[in-house]
Undergrad: 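I have a structure here, written as structure tokens, and I will follow up with some questions on it.
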Amino acid sequence: MNHVEKAVDSLRGALGPAFVGVDVFRGQTTVELAAGGLQQAVRHLRDDPGLDFGFLAALTAADRWPAEPRFAVLYQVYSLAHNVFLGLRVRLDGASAEVDSLESIFPAANWHEREVFDLFGITFRGHSDLRRILMPYDWVGHPLRKDQPQGYEEVQFTFNFDEIDRRKPYARE
Amino acid sequence: MGVEQKLGNLGVVTTSLEKVVNWSRTNAMWPMLFGLACCAIEMMAAQAADYDLSRFGMELMRASPRQSDLMIVAGRVSRKMAPVLRRLYDQMPDPKWVISMGDCASCGGVFNNYAIVPGVDEVVPVDVYVAGCPPRPEALIHGILTLHEKVRGEKLRDWA
Amino acid sequence: MGLTQMDITVDELKHLVSDRALQGETMLLNMGPQHPSTHGVLRLLLELDGEVVVNCIPDIGYLHTGIEKNMESKTYTQAIVMTDRMDYLNTMGNVLVYVLAIEKLVDLDVPPRAQSVRVILTELQRIASHLVWLGTHALDLAAMSVFLYCFRERELILDVLEMCSGQRMMTSYFRPGGLWRDVPPEFEPAVRSILELMPGRIDQYEDLLTKNPLWIDRTRRIGVISGPEALRAGMTGPSLRGSGVSWDLRKAQPYSGYEQYEFDVPVGSNGDVYDRYLCRMEEMRQSLRIVEQALRNLPSGPVLSGNRKFVPPPRSELGESMEALIHHFKLWTEGFSAPAASVFVPVESPRGELACYLEGDGGPKPYRVHFRTPSFGNLQALPQLARGHLVADLVGIIGSLDIVLGDVDR
């Protein structure tokens with residue numbers, strides 16, 4: 001925990017107003033940042049020899065529709081030498097869902113950011129190749145957003161079996 | 001029948017052309033390697049030593065659709081994969097059969113969402129459905145033997 | 001936003017291939033989603049100069065199942081079923097990471113017997129996964145008999161899993177608070193027989209492959225990546241340890257009682273396909289060591305937590321106690337609720353670091369579940385590993401990364 005607290009204090013000093021807050025839950029620390037300070041914060045965490053957070057473990061997002069700010073982009077960085085991990089969170093509005101890309105700092109972020117773009121529609125400024133990765137190329141929409149439906153089909157029970165059977169598009173030879 | 005009684009000891013058998021053709025089709029049906037997900041591992045286990053598929057004539061699985069008769073769709077078919085599946089089915093020469101292995105290929109399985117095609121029979125016509133998640137190798141072998149029975153009952157003009 | 005037209009024009013993808021391809025000097029080849037050596041539905045766009053790979057662009061998403069979105073519409077316990085099917089060779093590990101995340105989120109205790117059985121089954125699953133890796137990797141590099149031997153051993157392990165849970169692969173055996181039910185009495189003799197048999201069998205595989213000059217020719221100095229490069233590319237697990245970085249989550253951030261067991265973590269030195277192979281073979285032996293220790297010290301006691309708010313009461317109590325009936329009713333109709341907070345729990349899967357980010361919202365269904373899967377990170381590094389090698393070596397490199405497409409696409 002000491003190293004994490006040291007990292008949090010160091011970030012607070014380096015970022016100034018971009019450091020929004022910190023919360024600790026079940027022993028895990030998450031630092032909330034403003035979108036503008038993200039690259040500076042991550043560079044600070046990676047390059048400062050006392051901190052040494054050199055591995056990006058996870059990059060994902062969550063959608064809080066209809067609450068604003070809508071998106072929260074979440075990062076987890078590890079320090080292998082000190083054996084701690086630290087979470088970072090950046091909140092974005094639904095209307096302007098853009099944040100800086102971390103690809104220049106951690107090349108491992110490449111596919112993770114493409115996946116977040118594909119499933120949520122958050123664009124990453126400065127990404128070398130932002131296109132869909134998991135969904136088909138011509139898919140419309142971003143599936144993991146909360147306003148997109150699950151997309152399920154009705155379950156066939158005995159009472160509606162024939163009706164659904166008639167509508168189901170069976171393949172021909 | 002009279003001919004057989006007279007020539008019985010010479011090792012001659014009379015039958016109809018249909019039966020011979022169907023017998024040869026069932027005993028040397030080569031499956032195409034179409035393992036997609038978890039069911040593929042059980043298909044590989046069925047091919048391996050403990051539950052041997054070679055004793056049913058399926059000595060090897062051909063990767064090329066042009067050289068195979070049977071497509072065992074093993075695993076969940078996503079919407080991105082469905083056109084690929086149809087294209088591979090079209091590339092297989094007649095006569096061809098499809099076994100839909102597992103719950104995801106038969107009806108969408110555990111998943112009921114935007115990304116999975118609920119039942120591969122929306123993409124290709126299926127002959128035998130094998131249930132299970134994943135079906136045991138013995139269940140797959142039962143499905144294959146059911147298909148063999150179906151093939152034995154086919155007429156020549158089905159594939160003519 | 002996003003691509004909405006049917007056809008993708010060449011202009012949009014020009015930046016992916018080099019200029020030589022556009023002028024026709026190099027050949028663009030599609031190693032399609034259906035291919036015997038891609039270990040699943042992976043599509044690779046290869047740019048070849050003769051037989052030498054100039055660039056290789058992976059195209060994934062052919063097995064995308066929408067598990068994360070689907071889990072948001074099911075309660076926490078119902079969603080366990082979906083986690084099994086992500087990385088289908090490490091089913092116990094997937095359920096373990098999800099259940100550990102739930103337990104951390106709601107602060108639920110797990111009795112020690114359940115933790116030991118979890119460790120035993122997860123390590124057996126690791127051995128089974130490495131056996132499939134070895135079988136298919138060797139099959140790709142034309143050592144076909146190893147495939148049959150590995151699957152024969154795997155049947156023994158699957159028999160143990162079936163004995164505990166009734167299912168060979170998608171067991172869903174771990175539940176929040178412990179296990180589904182206690183292990184049957186045949187469990188211990190069966191695991192002991194595996195412990196006696198496996199070291200000899202692993203020796204057989206090593207006899208066939210490790211000093212085999214053909215194997216060494218096909219795997220030495222192929223797909224080399226250095227430790228710092230691998231870390232930058234996001235690789236974890238044996239693929240990272242083969243390059244000399246000793247990072248194993250079982251030692252670094254122990255979970256489920258791993259700190260009590262003594263085992264080594266094998267680390268390679270050259271970062272090529274051969275070193276990754278040696279790492280995984282040694283990991284199988286170390287897993288046997290862990291299983292032996294866990295089995296020897298298996299504590300007795302309950303296998304489910306006593307916290308009735310999250311764990312259903314045994315059926316025998318339902319006829320006697322009113323609270324048990326109410327708890328049962330609430331758990332079966334609505335499910336337990338988790339606080340509106342988030343946790344991030346990493347475990348060591350046979351492929352690398354598997355982590356679950358779980359966010360609750362105070363209700364009975366998970367608000368956001370994200371799985372950081374190891375094969376996704378490892379596959380990113382494939383273009384870097386494959387550049388400059390022949391197409392035949394590419395097959396060996398993909399095999400050595402041990403990717404499972406269910407893991408990559410979720």
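Values below: every heavy atom of this structure, side chains too, minus hydrogens, waters and symmetry copies. Letters A, B, ... mirror the listed sequences (proteins, then strands); counts begin at 1.
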Undergrad: To the nearest 0.5 Å, how far apart are NZ in B:K80 and CZ in C:R43?
TA: 8.0 Å

Undergrad: Nearest 0.5 Å, what's the OG-NE2 distance between B:S64 and C:H35?
TA: 11.0 Å

Undergrad: Need one label for C:D407: side chain, backbone, both or neither, based on atoms under 4.5 Å from any heavy atom in chain B.
TA: neither

Undergrad: Under 3.5 Å, which donor-acceptor pairs do the side chains of residues 27-37 of chain B form with other protein atoms, sequence neighbours left out?
TA:
none

Undergrad: Taking side chain as C-beta onward, heavy atoms only, is B:C38 less than 4.5 Å from C:M86?
TA: no

Undergrad: Are the side chains of C:L63 and B:S78 in touch, meaning some heavy atoms are under 4.5 Å apart?
TA: no

Undergrad: When only pairs under 4.5 Å are counted, which of C:N70, C:L89, C:T136, C:L148 shares the most heavy-atom pairs with chain B?
TA: C:N70

Undergrad: Quick one: which residues of residues 135-152 of chain B reach chain C at under 4.5 angstrom, heavy atoms only?
TA: B:R136, B:P137

Undergrad: Which atoms of B:Y114 come close to chain C, meaning under 4.5 Å heavy atom to heavy atom: side chain ones, backbone ones, both, or neither?
TA: side chain

Undergrad: Report, by ascending residue number, the residues of residues 153-160 of chain C in heavy-atom contact with chain B at a distance under 4.5 Å; give 'none' if the set is empty.
TA: C:R154, C:E155

Undergrad: Are C:R152 and B:D50 close enough that some pair of their side-chain heavy atoms sits under 4.5 Å apart?
TA: yes

Undergrad: Which one wins on heavy-atom pair count under 4.5 Å against chain C: B:A45, B:A82, B:A49?
TA: B:A45

Undergrad: Output all residues satisfying side-chain contact (heavy atoms from CB on, under 4.5 Å) with B:C133, sequence neighbours left out; order by chain, then residue number.
TA: B:D103, B:V110, C:R85

Undergrad: Testing the basics here: between C:G66 and B:A115, what is the closest heavy-atom pair and its distance to 0.1 Å?
TA: N-CB, 4.0 Å

Undergrad: Give the minimum heavy-atom separation between B:R76 and C:G406, together with the two atoms involved.
TA: NH2-CA, 3.9 Å

Undergrad: Could you tell me the separation between the CZ atom of C:F151 and the CD atom of B:Q47, rounded to the nearest 0.5 Å?
TA: 10.5 Å

Undergrad: Please classify the contact between B:I41 and chain C as side chain, backbone, both or neither, with a heavy-atom cut-off of under 4.5 Å.
TA: both

Undergrad: Roughly how far, to the nearest 0.5 Å, is CG of B:N113 from CD1 of C:I67?
TA: 8.5 Å

Undergrad: Any side-chain heavy atom of C:Y62 within less than 4.5 Å of one from B:R79?
TA: no

Undergrad: Just wondering, do B:M81 and C:H64 contact through their side chains at under 4.5 Å, heavy atoms?
TA: no

